[in-house]
Amino acid sequence: MSPTVSHKDNSRQRRPGGYHGALELGAAPPALDGDDAAVRLGHGDTEALLLGPPLPPPLGPPRGCRGELGNVLLLLFLYVLQGIPLGLAGSVPLILQSKSVSYTDQAFFSFVFWPFSLKLLWAPLVDAVYFRRFGRRKSWLVPTQYFLGLFMLGLSTQVDSLLGDGEGRGPDVLALTATFFLFEFLAATQDIAVDGWALTMLSRENVGYASTCNSVGQTAGYFLGNVLFLALESPSFCNKYLRFEPQPRGIVTLSDFLFFWGAIFLITTTLVALLKKENKEVMPSKEETEGITDTYKLLFSIVRMPAVFTFCVLILTAKVGFSAADAVTGLKLVEEGVPKEHLALLAVPMVPLQIILPLIISRYTAGPKPLNTFYKAMPFRLLLGLEFAFLVWWTPKVKNEGGFPTYYYIVVLLSYALHQITLYSMYVAIMAFNAKVSDPLIGGTYMTLLNTVSNLGGNWPATVALWLVDPLTMKECVGAQEQNCRTAIGAELCVKEGGSCVTTLDGYYVESVICVVLGFGWWFLLGPKLKKLQDEGPSSWKCKRNN
């Protein structure tokens with residue numbers, strides 16, 4: 001229920017998400033890598049609500065894993081570290097919302113989650129530039145993780161001030177956004193290096209475990225940095241469930257959490273730099289050994305193909321109808337008094353559903369026309385946007401002195417479960433289509449590009465939706481008739497003259513209706529065009545390269 005990161009895209013480009021999920025907590029959980037897509041379709045969308053973990057690892061583990069247990073555990077831990085910045089960034093919007101920042105500020109902060117959807121811009125550089133003696137992947141992993149560790153230690157001394165704690169000032173959203181954008185940029189770069197190393201750290205027989213480590217590790221890291229942190233940071237949660245005597249603060253603060261993980265980053269990175277050597281890459285693919293310029297030319301040539309260009313335009317606009325529900329609903333629930341840590345903990349009972357759903361849905365998307373599933377699920381997801389708006393309207397009406405009744409959380413959980421069914425239906429369908437049409441000769445780059453576009457299609461509508469909440473909200477000054485509340489200055493004058501600003505029309509409800517109308521318009525007018533792309537022959541998707 002609150003904003004979130006995004007899932008992670010492909011790192012060779014590689015939640016998310018999208019930014020926020022309707023019930024999501026913070027940054028969208030990592031989105032699926034293009035390189036892994038064909039293996040584990042269904043890593044939650046960038047907009048996945050709550051946590052949106054990836055698909056479970058492939059059944060039937062490779063043999064001989066015990067001999068490489070150390071490499072598997074190292075890879076798993078590196079992915080856990082990767083999830084920590086994602087989770088922390090995802091928790092900040094909830095903290096900001098509890099401090100009553102504007103939705104314009106929330107929209108500005110949402111740019112923090114874009115680096116994981118834009119990695120394609122600098123991933124070729126990470127793949128091609130390195131110190132051979134130190135190691136291709138370590139050349140980027142080690143300095144990036146050192147920067148992350150030092151960054152977290154430094155941020156731990158400033159974050160309270162940036163959040164406006166204890167000094168009578170509001171949060172410095174501009175500084176927070178710049179800080180966490182750099183934070184996520186470093187995390188995305190680390191992701192590129194780890195994903196590349198995963199392909200050579202394990203033997204060919206056990207390389208399938210790389211996907212498992214990615215899924216489990218990143219999900220665990222996001223859980224630690226988001227769900228667990230929000231619970232331990234909450235005084236009410238700690239006093240109710242973890243303490244015998246109430247205290248005014250939680251068990252940990254954001255500053256404490258940043259300092260602890262900063263130290264972990266520095267210690268583990270030093271050990272990796274000194275003790276772990278890279279395996280020599282055997283039979284590198286032609287794509288991976290191309291120069292940087294050739295890689296960018298290849299990406300441009302792919303986008304110029306008519307079928308790919310049409311697909312990109314359609315998928316960049318397909319998620320506009322979900323933007324209000326996915327980006328704003330969680331923040332609105334926090335605004336209405338729902339404890340952010342309770343929303344975070346709702347992710348836990350949803351994990352089994354999020355594991356099972358992609359397995360079931362993939363049966364319907366494995367055929368020649370996977371986008372039919374995308375098209376059929378879309379109207380149901382749009383209607384759930386209206387249900388979320390009703391849920392926000394209903395929330396203050398069931399609140400009592402003790403908080404919210406149990407049946408309220410059951411309704412929220414069921415709403416989220418229904419949303420997950422439609423979300424995964426659309427996401428798995430897109431991933432299956434991307435895998436189906438990608439030119440096998442350049443599959444990694446091709447899949448990465450398509451997945452990047454899909455993730456951006458969730459990011460930009462979420463940012464716009466957050467930005468428009470305040471302009472669409474109508475308020476009037478009660479108690480000082482000569483003043484109005486249309487601007488921040490006007491609202492301040494209203495309060496100074498003894499009045500108060502009262503919301504007469506919440507922009508969230510206006511957005512919810514507009515988004516659903518736009519979504520159904522897209523479904524009727526452009527949806528058939530998207531389905532028609534499935535009828536294009538293989539030659540329409542093959543990239544003609546100059547050798």
Side-chain angles (χ1 to χ4, degrees), residues 2-8 11 14-17 24-31 43-44 46 50-54 73-95 112-113 115-116 119 140-156 159 176 179-195 198 213-233 250-272 341 344 347:
S2 63
T4 191
V5 148
S6 85
H7 281 268
K8 159 181 169 183
S11 37
R14 226 204 263 205
R15 145 138 259 174
E24 212 168 7
L25 294 178
H43 198 342
T46 47
L50 289 177
L51 190 55
L73 293 177
L74 173 59
L75 198 58
L76 178 66
F77 187 72
L78 290 175
Y79 278 119
V80 170
L81 292 181
Q82 185 182 117
I84 297 296
L86 290 169
L88 285 173
S91 67
V92 172
L94 294 176
I95 297 173
V112 163
F113 304 104
F116 270 87
K119 290 182 295 181
W140 287 91
L141 177 70
V142 170
T144 299
Q145 288 200 168
Y146 269 131
F147 276 124
L148 278 166
L150 293 172
F151 193 87
M152 295 172 82
L153 291 179
L155 183 58
S156 68
V159 68
L176 279 170
T179 299
F180 275 89
F181 184 89
L182 178 58
F183 194 26
E184 295 305 292
F185 173 81
L186 291 171
T189 304
Q190 186 254 21
D191 174 39
I192 299 170
V194 174
D195 284 346
C213 294
N214 184 309
S215 303
V216 177
Q218 196 179 76
T219 300
Y222 188 89
F223 183 89
L224 292 172
N226 192 294
V227 179
L228 182 63
F229 164 70
L230 288 172
L232 296 180
E233 184 265 348
I251 293 177
V252 300
T253 65
L254 183 53
S255 178
D256 297 333
F257 202 80
L258 285 166
F259 185 87
F260 173 80
W261 283 105
I264 294 294
F265 265 83
L266 293 179
I267 293 170
T268 56
T269 303
T270 300
L271 293 175
V272 168
E341 64 275 9

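Hydrogens, waters and symmetry mates are skipped; everything else that's a heavy atom, side chains included, is used. Small disclaimer: the values here were computed from a predicted structure and weren't measured.
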Rounding to 0.5 Å, atoms CG (Leu182) and CG (Leu186) come to a distance of 4.5 Å

Assign the ring pair Phe229 / Phe257 to parallel, tilted or perpendicular, where the plane angle (0 to 90°) is split at 30° and 60°.
-> tilted

Does a side-chain heavy-atom distance below 4.5 Å link Leu148 with Trp261?
-> no

Apply side chain to side chain donor-acceptor pair (under 3.5 Å) to Thr253 and list each qualifying residue two or more places apart in sequence or on a separate chain.
-> Asp256

Ser91 side-chain N/O to Leu88 backbone N/O, donor-acceptor pair under 3.5 Å | yes

Between Val112 and Ala89 the two heavy atoms that sit nearest each other are CG1-CB, 4.1 Å

Where is the tightest heavy-atom contact between Gly87 and Asn226, given as atom of each residue plus distance?
-> O-ND2, 3.2 Å

What's the shortest heavy-atom distance between Val227 and Ala347, and which atoms?
-> CG2-CB, 4.5 Å

Exercise: identify the closest heavy-atom pair between Ala187 and Pro85 = CB-CB, 3.8 Å

Any chance the side chains of Thr219 and Tyr79 put a donor and an acceptor closer than 3.5 Å?
-> no

When rounded to the nearest 0.5 Å, the distance separating CG of Leu176 from CZ of Phe180 is 6.5 Å

State whether the number of non-hydrogen atoms from other residues, nucleotides or ligands found under 6.0 Å of Phe151 atom CZ is greater than 12.
-> yes

Considering only heavy atoms from C-beta outward, does the side chain of Val80 approach that of Phe223 to under 4.5 Å?
-> no

Side chains of Glu184 and Leu86: does their closest heavy-atom pair fall under 4.5 Å?
-> yes

Leu141 vs Gln190 side-chain heavy atoms within contact, under 4.5 Å | yes

Of Leu75, Thr144, Thr189, Asn214, which is the lone residue that meets side-chain contact (heavy atoms from CB on, under 4.5 Å) with Val194?
-> Leu75

Looking only at heavy atoms, what is the nearest atom pair of Gly90 and Tyr222, with distance?
-> CA-OH, 4.4 Å

Quick one: CD on Glu341 to CG on Leu94, what's the gap to the nearest 0.5 Å?
-> 10.0 Å

Should we say atom CZ of Phe147 is surrounded by more than 12 heavy atoms from elsewhere, each under 6.0 Å from it?
-> no

Kindly compute the distance separating CE (Met152) from CG (Leu258), expressed to the nearest 0.5 Å.
-> 5.5 Å

How many angstroms lie between atom CG of Leu155 and atom CG of Leu150, to the nearest 0.5 angstrom?
-> 12.5 Å

Minimum heavy-atom separation for Ala193 to Trp140, with atom names?
-> CB-CB, 4.1 Å

Rounded to the nearest 0.5 Å, what separation is found between the CG atom of Leu232 and the CD1 atom of Ile251?
-> 5.5 Å

